[in-house]
Protein chains: 2
Amino acid sequence: MTSDDKPISAAASIPGQKATLHDVAERVGVSPRTVSRVVNDEGGFSSATRERVLNAINELGYRPNLLARSLITNRSNTVAFVVPVIDDPFFPEVAQGVQAAARDRGLTMFLAVTEGRLELQRQVLERMASHGIDGLILFPHAEDLDDVARFAGQGLPTVVIDDALDHPNVCVVRSDLEHGVSLAVDHLRERGRTSLAMLANEASPRRKLRRETTFRSMVPNGIVVKSPPTFEAGYRATAELLAREERFDGLFAFNDVMAAGAITAIIDSGRSVPGDISVVGCDDIEMSALLTPGLTTIRIDRERLGAEAVSRLIQLRDSVTAPPASTLTVSLVVRESS
Amino acid sequence: MTSDDKPISAAASIPGQKATLHDVAERVGVSPRTVSRVVNDEGGFSSATRERVLNAINELGYRPNLLARSLITNRSNTVAFVVPVIDDPFFPEVAQGVQAAARDRGLTMFLAVTEGRLELQRQVLERMASHGIDGLILFPHAEDLDDVARFAGQGLPTVVIDDALDHPNVCVVRSDLEHGVSLAVDHLRERGRTSLAMLANEASPRRKLRRETTFRSMVPNGIVVKSPPTFEAGYRATAELLAREERFDGLFAFNDVMAAGAITAIIDSGRSVPGDISVVGCDDIEMSALLTPGLTTIRIDRERLGAEAVSRLIQLRDSVTAPPASTLTVSLVVRESS
DNA sequence: TTGAAAGCGCTAACAT
DNA sequence: ATGTTAGCGCTTTCAA
């Protein structure tokens with residue numbers, strides 16, 4: 001049964017029996033405390049001791065038990081990242097930024113998806129809190145920040161992305177979407193478009209408001225249609241708009257996924273993009289460059305967004321006062337759809 | 001400063017001072033052991049006691065400290081999911097499947113990205129192990145499964161996706177890509193295509209082999225070009241192939257992202273899809289339906305793949321012998337690119 | 001049905 | 001430079 005002819009160890013069933021600090025100490029002939037000092041590089045040991053301890057660690061394949069450490073330090077070095085969905089490529093790309101930044105700072109990332117359901121968000125937060133996460137980064141459920149506020153109130157450092165929450169344990173990181181909308185609208189007008197419509201996100205009151213409100217204020221007579229932020233919904237909403245014979249020659253969509261749906265609907269209706277209608281999206285997900293026509297859009301730097309969130313979270317954790325909200329700039333990427 | 005006029009609590013700086021099992025016990029007037037029994041529903045308590053304990057838990061907002069529990073039970077109820085990249089939509093979608101399945105079974109998911117770098121994979125696994133994960137699900141680094149084998153050897157239940165590793169602590173979950181290739185090739189031939197080429201993944205010896213080998217055996221005279229599995233690389237490889245004046249009228253790509261690159265390259269060269277060349281991809285990521293022309297592809301059910309991985313992992317953890325490898329069926333989705 | 005004691009693996013707060 | 005004691009919050013074992 002055993003793969004080679006080594007003597008069968010005492011605990012035959014568990015090959016790699018985990019070594020503890022104690023085991024290392026015993027083997028070297030020092031106290032566990034000394035090993036701990038070396039492991040954490042606290043100083044207070046001779047370099048000879050250090051050497052011997054390090055060797056023993058290698059020989060035994062010792063690996064610190066982070067759970068035990070966390071229990072006493074009250075630091076788990078874990079972060080939770082919570083997103084509503086993951087089939088919109090925007091979120092995974094932010095996740096990548098969060099994970100990379102977290103990893104570089106010695107943090108490990110939990111990822112959870114709430115499917116936009118409030119009760120799932122609550123369950124997820126509950127469980128994350130039980131795991132003793134050091135901090136939380138999330139795109140909060142649009143309707144209700146109460147849960148988030150509750151956990152923050154219990155002392156959980158929290159970074160809220162693209163939403164607002166005034167709380168000493170909460171820091172906000174956002175993209176400058178107001179500016180994004182103005183870039184989009186200005187661009188459409190420069191293209192000679194005079195009747196503008198917006199495909200807004202029905203599911204996201206506060207976040208929507210940022211884009212929708214800006215749009216409304218810039219385009220008082222503009223048409224605003226709300227739909228879920230998916231390809232299919234964007235398609236349907238646009239098709240209905242066209243069927244109603246509403247006149248518009250420029251469309252700004254809440255995100256690229258909806259914009260893609262809109263383009264397809266416009267083309268399916270026998271119109272052309274950008275011949276009849278110019279379309280501008282928001283996010284600049286990878287797909288947007290691959291569409292036909294390529295999608296003109298407002299670019300959000302997701303990696304940076306994720307990294308910024310981690311950085312703010314750490315500031316929040318390590319300081320008494322919450323750092324101010326940070327706002328990341330966005331830019332216009334012009335492709336063929338406008 | 002305080003937001004309303006509640007009396008300032010004793011511990012002014014820490015509002016939600018975390019309640020422990022002990023606190024609950026004290027408040028109810030029972031021993032911690034009894035509270036523990038109720039929390040874990042072990043039985044051995046009167047329903048009256050149960051009631052009072054539950055009340056106290058609510059009042060104090062008690063939440064079990066999973067770290068402490070794990071330390072003693074040696075179960076953390078966490079799983080690590082490790083992927084090479086995340087900007088290929090295929091992986092996030094599997095991640096969603098893993099996370100949902102994990103959540104439903106009371107597991108929390110760590111997500112890590114290795115960027116296809118072996119040293120990053122090692123670092124990630126090392127850290128995950130320190131966190132005491134109960135299991136690991138990964139798309140392993142293509143060149144080298146040694147690290148994976150090492151951790152499995154130390155007792156870590158591991159599910160390897162789309163690769164092979166023979167080890168009692170490892171279970172393999174894969175898609176039936178051999179069948180997928182044969183579906184693709186048969187389909188291209190039914191479309192009257194006689195000179196077939198394949199865009200293979202240079203970075204993935206073993207996985208590639210599955211698709212590439214099948215292709216070679218079905219199409220002895222076929223052209224096989226290798227490139228990294230990205231849009232740009234797929235574009236470049238295809239452009240070069242066309243520039244070399246190689247004759248082919250049907251193309252099968254390792255994945256949809258490469259196929260999308262190929263289509264763009266073909267169109268940019270002045271040829272048409274599927275007029276001159278039919279293209280078939282693999283994965284059926286969301287984007288594939290949105291391309292122009294819509295991409296014909298081999299569909300892999302990512303959610304199911306993720307769910308299956310979790311399910312196998314749990315079998316692995318809870319049994320002595322590794323469950324057999326499972327293979328998920330794939331199907332052909334015909335769109336306009338062929 | 002309940003509780004007391006021990007200890008998971010580690011670090012904090014003292015020793016020396 | 002090193003060791004000792006205590007205990008993080010919980011479950012386990014054994015006893016009542």
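Lettering of chains follows the sequences in order, A, B, ..., and the numbering in each one begins at 1.
- Contacts of A:Q315 classified as side chain to side chain contact (heavy atoms under 4.5 Å, CB included), with partners at least two apart in sequence or in another chain: A:S311, A:R312, A:P323.
- For B:T34, the side chain to side chain contact (heavy atoms under 4.5 Å, CB included) partners at least two apart in sequence or on another chain are B:V30, B:S31, B:R37, B:T49.
- Residues that satisfy the salt bridge (charged side-chain N to carboxylate O under 4.0 Å, His left out) test with A:E42, not counting sequence neighbours, are A:R33.
- Shown here are the salt bridge (charged side-chain N to carboxylate O under 4.0 Å, His left out) partners of B:D41, two or more places apart in sequence or in another chain: there are none.
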B/S/- contact track for nucleotides 6-16 of chain D, protein heavy atom under 4.0 Å
-BBBBBBB---
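- Boundaries of the chain A contact region on DNA chain C are C:dG9 to C:dA13, first to last in 5' to 3' order (nucleotide atom under 4.0 Å from a heavy atom).
- Annotation: side chain to side chain contact (heavy atoms under 4.5 Å, CB included) contacts of A:E93 (sequence neighbours excluded): A:P89, A:E286, A:R302.
- For B:R63, the salt bridge (charged side-chain N to carboxylate O under 4.0 Å, His left out) partners two or more places apart in sequence, or in a different chain, are A:E126.
- In this structure, the helix from C:dT1-D:dA16 to C:dT16-D:dA1 shows an angle of 30° between the axis at its start and the axis at its end, each fitted on 5 base pairs and rounded to 10°.
- Take B:R75 and apply the salt bridge (charged side-chain N to carboxylate O under 4.0 Å, His left out) test, not counting sequence neighbours, and it matches B:D318.
- Legend: residues meeting side chain to side chain donor-acceptor pair (under 3.5 Å) with A:E59, ordered by chain and number and at least two apart, are A:R27.
- Residues passing the side chain to side chain contact (heavy atoms under 4.5 Å, CB included) test with B:V170 are B:A152, B:T158, B:V160, B:L165, B:H167, sequence neighbours excluded.
- At the heavy-atom level, A:S70 lies nowhere under 4.0 Å from the strands shown.
- Pairing each heavy atom of B:N169 with each of B:L316, the nearest pair is O-CD2, 3.1 Å.
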